[in-house]
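Structure record follows, encoded as structure tokens.
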Amino acid sequence: MIFTTFYKTYNEITLDKNNILRYMKAKDNASQIQSLIDECITLSKDKLKGKVCYSVFDISLCKDTLDLGFTKTNSKALINHLENCSKIVLFASTVGIELDMLVTKYSALLPSKAFCIGAIGTEAIETVCDRFCDDIATEYGECTKRFSPGYSDLPLDMQEEIFSVLDTKKIGLSLSQSLLMTPKKSVTAIIGIKK
Amino acid sequence: MDIRTYLKNNILFLDGSMGTLLQQSGLKPGELPERWNITRPDVVENIHKAYFDAGSNVVITNTFGANSLKYDDKELEEVISEGVKIARKASEKSNGKQEKFVALDIGPLGKLLKPFGDLDFEKAVEIFAKTVKIGVKCNVDLVFIETMNDSYETKAALLAVKENCDLPVFVSNAYSEDSKLMTGASPKAMVALCEQMGADAVGANCSLGPKELESVIEELINYSSIPVLFKPNAGLPKAVDGKTVFDVTPEDFAKEVKKQIENGVRIAGGCCGTTPEYIKMLVDATKDIEVKPIEKKEKTVITSYAKAEEFSFIPVLIGERINPTGKKRFKQALVENDIEYILKEAVNQADKGADVLDVNVGLPEIDEEEMLCSVVKELQAVVSSPLCIDTSNKNAMEKALRIYNGVPLINSVNGKKETMDAVFPLAKKYGGVIIALTLDENGIPNTAEERLQIAKRILSVANEYGIEKKNIIFDTLTMAVSADKNAAKTTLEALKLIKKETGCYTVLGVSNVSFGLPCRDFLTSTFFTLAMENGLSAAIMNPYSEKMMTAYHSYKVLHALDENCLSYIDFCQKTEEAQTGIKENTEQKANTLLYAIVKGLKEDAGILCEKLLESKSPLDIVNEDIIPALDKVGKAFEEKRCFLPQLLMSAEAAKEAFEKIKEKLPENSAKKSTVVIATVKGDIHDIGKNIVKLLMQNYGYNVIDLGKDVEPSLILETVVKYNAPYAALSALMTTTVPAMEETINLLNEKAPFCKVLVGGAVLTEDYAKKIGADKYGKDALDSVRYLEDAEKG
């Protein structure tokens with residue numbers, strides 16, 4: 001049984017402006033919005049440092065309880081999601097603290113930029129997760145979509161178990177008492193590997 | 001033998017990984033490794049012994065995560081004392097003939113400190129102190145602070161060690177691929193911080209293999225006057241046939257680390273993936289290396305969490321604008337606790353080219369201790385420039401130095417015994433490069449020679465306090481030429497003389513020279529040029545002054561300090577653009593203030609408002625231009641014809657106009673009601689809160705912003721203090737809504753006069769009602785509308 005934490009780094013993250021607009025709940029109906037997005041992408045670009053840490057676990061189902069290798073759960077949604085899977089990849093990912101620093105800087109002075117940079121961060125972390133999932137599929141074969149604590153009936157407090165088993169310190173990720181992740185643009189999730 | 005003595009003439013070998021071997025022995029996922037000190041002491045002891053047998057001089061106790069966040073007091077005491085006992089036993093049992101030491105291991109807490117995380121600096125110091133005190137009681141030989149990826153946490157740990165024992169302490173950081181710590185500090189910055197705070201060694205461990213850390217080690221060796229430590233991983237882990245392997249072999253590891261020992265590393269070992277085999281290979285490969293003494297480096301460095309500023313031939317520019325002296329608007333900002341105004345001054349100065357920011361918030365009517373601390377904290381979140389802590393209040397100085405994230409400039413001491421006795425011990429404890437004024441009990445001497453004598457005296461007292469010469473820079477005092485025609489001449493002579501005689505760097509607050517004369521910029525910038533020519537190393541100056549910046553860039557070109565004149569050309573282009581750009585904007589884009597605000601053109605709004613103020617009263621502008629513009633945008637937002645980013649840009653443009661109006665309005669002119677705003681305890685998301693704040697300010701409300709992660713009791717206290725009729729609370733997460741409810745209950749009970757508005761992603765109208773809020777704001781505008789209606793009654 002291995003539970004070593006492995007690492008991957010994703011730089012040069014491609015950003016889709018349409019998604020950024022969507023995360024800002026805005027439409028591209030004015031030149032100011034375009035230039036706001038362009039300006040914020042320039043500010044953010046070299047701050048985005050995608051990092052992922054992950055471990056692989058064997059899983060098994062016993063009645064209503066799913067043993068995930070690092071913890072057990074009764075979440076029906078996750079049990080369904082992982083049907084036909086014998087292994088999972090548990091991962092934590094982040095685009096790094098520098099983006100938070102940028103948001104903090106503008107949050108006090110120009111909330112429009114902070115807001116836009118936040119949306120860029122969301123787009124960036126989603127892209128990092130997509131790329132990671134693709135890499136896992138290449139390495140391990142057919143996979144499920146990613147499933148995070150807080151989705152459906154999977155409790156958010158599973159975060160504590162995830163943070164105790166993955167060596168998230170090395171990607172600079174930490175969990176607060178109220179289960180918030182720092183850096184803010186971070187995702188933890190489970191990918192099922194099909195038999 | 002004492003480890004400090006041993007280090008003078010020997011290479012010190014550390015151990016390799018503990019975690020890797022514990023896992024091989026069956027440590028389960030998520031299981032706390034330190035518990036094995038109690039449940040599997042035999043396994044831990046064998047690992048320690050194997051390292052001693054392999055030739056390690058130091059084994060590091062199995063206490064990496066032993067802190068009070070993970071263990072209760074009783075268990076903490078137990079895992080640490082058992083951990084030390086096991087290491088001692090291994091030392092006795094090993095046949096190794098080398099000198100043997102046991103180090104108390106201290107790893108990171110796994111939480112990020114404020115302002116980017118939620119752990120308070122003092123709380124971190126307290127947690128580390130607990131671990132240190134137990135280790136000291138168990139008689140460890142030294143303390144090993146390791147794998148820190150944040151300079152602020154490193155400082156907290158080092159401070160905790162220094163405040164609780166005299167043991168030797170090594171500090172080792174985990175650097176990323178870009179040769180920086182996760183939060184931005186460079187090896188140079190970490191050397192400055194650790195050396196100044198009295199660490200016995202500084203280094204790098206974990207994160208990468210020995211090859212990838214080469215440039216980090218090179219920089220550490222270049223800057224450090226204390227031994228450099230190197231404890232890399234055996235590369236990165238890979239899964240091969242269901243087994244974990246590390247990609248650097250013991251042979252390659254020994255070869256690479258040996259190279260760094262030849263380059264000057266004095267303390268070496270291995271981190272993740274290394275085993276006794278790696279250490280044995282390393283010890284064998286390096287036993288014949290001749291040990292060179294460590295050279296003293298005369299480098300003067302100040303730092304912030306992300307930048308290191310080194311003194312050299314190129315003058316360091318210290319922005320002088322964060323200072324209330326002679327600035328009405330700044331005084332008002334201090335009195336009103338308007339931190340945002342101060343932050344804006346900081347960002348603007350940094351944008352204009354200031355390398356360092358002087359921070360002086362001394363005003364008789366405010367609590368300087370509290371204000372200086374909170375300004376320093378806020379600045380550290382917004383600008384990455386190193387700060388110059390400028391105060392004559394000793395307590396304020398100590399508090400600010402303590403929470404400062406890095407090595408600041410300290411402004412200042414002088415030849416008076418009293419100030420030296422007050423400031424030098426603080427600099428010794430917390431670190432800092434000190435500005436020393438060449439005056440004493442008898443005032444400012446009239447000759448350069450007498451100023452030099454004071455400088456020499458200051459150096460000798462500094463030496464008694466253990467402060468190195470390189471960490472003192474001299475200010476030969478700029479006096480107004482209007483009062484004494486020889487003033488500037490004497491200052492310049494003293495500058496040259498002191499630099500030559502002491503070898504120390506120099507600084508001047510240049511602006512004072514032109515006091516009382518017209519066209520001050522001319523005179524000041526010329527004096528600045530002369531001072532640079534006479535050896536000025538840093539200037540406290542106004543970076544907004546184009547003439548000053550021109551003088552600086554020209555000096556660099558003329559002294560061959562600007563390769564291909566690139567920074568000069570860049571400066572000229574920016575200056576030109578700024579001049580023509582504004583003209584273009586005002587002519588082509590916005591003709592009216594109303595239009596500028598509707599379109600969210602911030603610069604235009606400021607300029608147009610200034611123009612309008614020449615012919616219109618401030619209040620008329622607010623009522624006839626700004627508010628109608630905001631209403632127009634607000635309506636479009638509500639009808640979904642424009643979106644949040646546009647609403648925000650308009651609000652920012654309106655704010656810029658308000659800023660101009662504020663300069664014209666009499667002080668304490670009537671404002672609308674007070675709103676106390678905060679993100680609740682446990683929550684650190686504040687964009688939404690800041691958006692609401694901005695809009696409320698636009699509509700003239702007096703908004704007291706308590707920030708994020710705010711205790712319910714502080715919110716209550718502030719509401720009562722200001723007799724505020726409104727409190728606005730934000731929470732983003734389901735896990736922090738209970739804190740919101742707690743705050744509302746407290747307010748309803750103790751301050752029933754206060755109406756509570758709530759907002760945030762997870763809230764709904766129903767839920768807001770259930771937790772007792774008076775108003776659920778579905779967006780920022782909705783909250784403002786509520787206030788406007790309530791005010792009308």
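We name chains A, B, ... by the order of the sequence lines, and we start the count at 1 in each one.
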Could you go through B:Y175 and B:L181, starting from their C-alpha distance and side-chain angles, then the distance that decides it, and tell me whether this counts as side-chain contact (heavy atoms from CB on, under 4.5 Å)? CA-CA 5 Å; B:Y175 291 88; B:L181 301 190; 3.5 Å; yes
Kindly indicate, with the supporting measurements, whether the criterion side-chain contact (heavy atoms from CB on, under 4.5 Å) is fulfilled by A:L68 and A:F57. CA-CA 7 Å; A:L68 291 167; A:F57 295 95; over 6 Å; no
Using salt bridge (Lys or Arg N to Asp or Glu O under 4.0 Å), reason through B:K599 and B:D604 one step at a time and then give a plain yes or no. CA-CA 10 Å; B:K599 287 288 167 193; B:D604 291 6; over 6 Å; no
I'd like to know whether B:S176 forms a side-chain contact (heavy atoms from CB on, under 4.5 Å) with A:K51, so could you lay out the CA-CA distance, the side-chain angles of the two residues, the decisive distance to 0.1 Å, and finally the verdict. CA-CA 11 Å; B:S176 309; A:K51 286 187 179 166; 3.7 Å; yes
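Among residue pairs with one or both ends in residues 126-140 of chain A, those qualifying as salt bridge (Lys or Arg N to Asp or Glu O under 4.0 Å) are A:K8-A:E139, A:E126-A:R146, A:D130-A:R146; sequence neighbours excluded.
Ion pairing of B:E659 with B:K602 is absent here, as no side-chain N (NZ or NE/NH1/NH2) approaches a carboxylate O to less than 4.0 Å.
Looking only at distances, a side-chain donor or acceptor of B:S304 sits under 3.5 Å from a matching main-chain atom of B:A306. Between the side chain of B:D683 and the backbone N or O of B:L732 there is at least one donor-acceptor pair closer than 3.5 Å. A donor-acceptor distance shorter than 3.5 angstrom exists from the side chain of B:D247 to the backbone of B:L236, with no hydrogens or angles considered. In this structure, B:E656 contributes its side chain and B:E603 its backbone to no donor-acceptor pair below 3.5 Å.
Paired with A:I13 under the rule side-chain contact (heavy atoms from CB on, under 4.5 Å), one option of A:I120, A:V128, A:I125 passes, and it is A:V128.
Proximity to chain B (any heavy atom under 4.5 Å) is restricted, for A:T9, to the side chain, taken from C-beta onward. Residue contact with chain B, scored on non-hydrogen atoms closer than 4.5 Å, involves the side chain of A:K49 exclusively. For B:L694, the part lying under 4.5 angstrom from a heavy atom of chain A is the side chain only. Using a 4.5 Å cut-off between heavy atoms, B:Y341 does not touch chain A at all. Looking at B:V347, only its side chain comes within 4.5 Å of chain A, counting heavy atoms on both sides. Residue contact with chain A, scored on non-hydrogen atoms closer than 4.5 Å, is absent for B:E31. Within the 4.5 angstrom heavy-atom criterion, atoms from both the backbone and the side chain of A:F115 approach chain B. Contacts of B:A381 with chain A are made by both backbone and side-chain atoms, with heavy-atom separations under 4.5 Å. Looking at B:D686, both its backbone and its side chain come within 4.5 Å of chain A, counting heavy atoms on both sides. Of the atoms belonging to B:D118, it is side-chain heavy atoms, and not backbone ones, that fall under 4.5 Å from chain A.
Using the six-membered ring where Trp is involved, A:Y10 and A:F132 have ring planes that are perpendicular, over 60° apart on the 30 and 60° scheme. Between A:Y54 and A:F6, the ring planes are tilted. Angles from 30° to 60° get that label.
Considering only heavy-atom pairs separated by less than 4.5 Å from chain B, the leading option among A:G118, A:S164, A:C116, A:G96 is A:S164. Between chain A and the residues B:G682, B:G184, B:P115, B:C272, the largest count of heavy-atom pairs under 4.5 Å involves B:G682. Comparing A:T168, A:L36, A:D100 by how many heavy-atom pairs each has under 4.5 Å with chain B, the most go to A:L36. Considering only heavy-atom pairs separated by less than 4.5 Å from chain A, the leading option among B:L644, B:T736, B:T734, B:I691 is B:L644. Taking B:K693, B:H685, B:K689 one by one and counting their heavy-atom pairs under 4.5 Å with chain A, the maximum is reached by B:H685.
Nearest heavy-atom pair, B:E34 versus B:G65, reported as atom, atom and distance to 0.1 Å: OE2-N, 2.6 Å. In this structure, B:I339 and B:S374 approach most closely via the heavy-atom pair CD1-OG, 3.8 Å. Residue B:P108 comes nearest to B:F64 through the heavy atom pair CD-CZ, 3.6 Å, listed as atom of the first residue, atom of the second, then distance. Among all heavy-atom pairs drawn from B:S17 and B:C271, the shortest one is CB-O, 3.3 Å.
Listed in order of number, the residues of residues 102-111 of chain A that approach chain B to under 4.5 Å between heavy atoms are A:V103, A:T104, A:K105, A:S107, A:A108, A:L109, A:L110, A:P111. Scanning residues 70-88 of chain A against chain B with a 4.5 Å non-hydrogen threshold yields no residues. Contact annotation for residues 175-195 of chain A against chain B (heavy-atom separation below 4.5 Å, listed by residue number): A:L175, A:S176, A:Q177, A:S178, A:L179, A:L180, A:T182, A:K184.
Between the side chains of B:N405 and B:Q380, no donor-acceptor pair of N or O atoms lies under 3.5 Å. In this model, no donor atom of one side chain and acceptor atom of the other lie less than 3.5 Å apart for B:T183 and B:N149. Looking at A:T5 and A:D167, their side chains never bring a donor and an acceptor atom within 3.5 Å of each other.
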